[in-house]
Protein chains: 2
Amino acid sequence: MLSIIMASTIGHTHADNGSPDLTQRLRGAGLRPTRQRMSLGRILFSKGNRHVSAEALHEEAVLADVPVSLATVYNTLHQFTEAGLLRAVAVESSKTYFDTNTSDHHHFFIEEENRVVDVPASHISVTDLPEPPEGMEIARVDVIVRLRSKD
Amino acid sequence: MLSIIMASTIGHTHADNGSPDLTQRLRGAGLRPTRQRMSLGRILFSKGNRHVSAEALHEEAVLADVPVSLATVYNTLHQFTEAGLLRAVAVESSKTYFDTNTSDHHHFFIEEENRVVDVPASHISVTDLPEPPEGMEIARVDVIVRLRSKD
DNA sequence: ATTTGTGCAAATCGTTTGCATCTGA
DNA sequence: TCAGATGCAAACGATTTGCACAAAT
């Protein structure tokens, strides 16, 4: 009986349930490593570069037995983005995609499948950039290569 | 009295109320030159290159005493886009902007003002484009230069 | 006369917010 | 303890749709 109580207490507080690096990453970003953030972070960052929508991530989480609310998924994605752990990609005006690759790179967008893919690194050079209008500076240059299937 | 009746009848059917070229443009695109389409077309195409949202165009129309419904504005914008008279620009995932310049060119986006501006022609070269994945071809390359005001 | 377009209001979709409740430090 | 997180449901803004009515050919 005592053991049961102890186990449950331990399980809820200090169980070894995830990469310690993720904990650090969140802490470093000023985010408390909560259950949901850790779970979502694990889903996002443990499989190489990904491009997810809030909806998709929510489904994945639920399937992985991590019952988060959609609202929390949105909150988390935005917090991660502000913290520099994610990058938002604007491809078409409806869904927002979040990219786990925050380095400087560009994207393919496959319209038929509504899928975003990284352009292999070091490809694409944008040159001959115009002067920005007076008083403005360039914050970022986004290139979207829209693909369709060949006939 | 008779003249009033005639005037009103004529006004509703064959009055010379607009560029004949626009009529042809619509016809050529397989679109019947209706009052609303002509009015919206006139607003869109008579002032050089523009980047409008549905909402903004709707307001402009209403102010210009062309009472169209917002639904019709959306329908019209999409019909024009499919017909190649407009081009949809995806800058951020919320509003869609329609560009009256359908030629190959790129855009500035001023985040603070939510405004889209054409990049002066012939600027920006995108080189070293990657091979698209097997079975795919490049439909279009969009470059968005995001600007922020200098401090 | 027939086909096509239009207006309106309601429906939908992605996303955000308010607030009561829970949880991590 | 107690600031900060979370869940839920309701609010939201942009866009779409269904259907009765109106206009174009």
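Being a predicted model, the structure only gives us computed values, none of them experimental.
Between A:R32 and the phosphate of C:dT23, there is no side-chain N or O to OP1/OP2 separation shorter than 4.0 Å. For C:dG7, one of the phosphate oxygens OP1 or OP2 lies less than 4.0 angstrom from a side-chain nitrogen or oxygen of B:Q36. Side-chain nitrogen and oxygen atoms of A:H78 include none within less than 4.0 Å of the OP1 or OP2 phosphate oxygen of C:dT15. Taking 4.0 angstrom as the limit, A:T96 places a side-chain polar atom (N or O) nearer than this to OP1 or OP2 of C:dT15. In this model, the phosphate group of C:dT4 is not approached by any side-chain N or O of B:T34 to a distance below 4.0 Å at OP1 or OP2. Considering only side-chain N and O atoms, B:R35 lies under 4.0 angstrom from the phosphate OP1 or OP2 of D:dA24. For the pair A:R27 and C:dA25, the criterion of a side-chain N or O lying under 4.0 Å from OP1 or OP2 is met.
With sequence neighbours excluded, the residues forming a side-chain contact (heavy atoms from CB on, under 4.5 Å) with A:E137 are B:R148, B:K150, listed by chain and number. Here A:H51 pairs with A:H107 under the ring-ring contact (aromatic ring centres under 6.0 Å, His included) rule; sequence neighbours left out.
Residues from residues 53-64 of chain B that place a heavy atom under 4.0 Å from any atom of DNA chain D, listed by number: B:E55. Within residues 68-76 of chain A, the residues that place at least one heavy atom under 4.0 Å from DNA chain D are, in residue-number order, A:V68, A:S69, A:A71, A:T72.
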Donor-acceptor pairs under 3.5 angstrom involving side-chain atoms of residues 67-77 of chain B: please list them, not counting sequence neighbours.
from	atom 1	to	atom 2	distance (Å)
B:S69	OG	B:T72	N	3.2
B:S69	OG	B:T72	OG1	3.1
B:N75	ND2	B:A71	O	3.4
B:T76	OG1	B:T72	O	2.7

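With A:H105 as the partner, the side-chain hydrogen bond (donor to acceptor under 3.5 Å, both in side chains) test is satisfied by one option alone out of A:D142, A:D99, A:N49: A:D99.
Residue pairs meeting the salt bridge (charged side-chain N to carboxylate O under 4.0 Å, His left out) criterion with at least one member in residues 58-82 of chain B, sequence neighbours excluded, are B:K47-B:E60, B:R50-B:E60.
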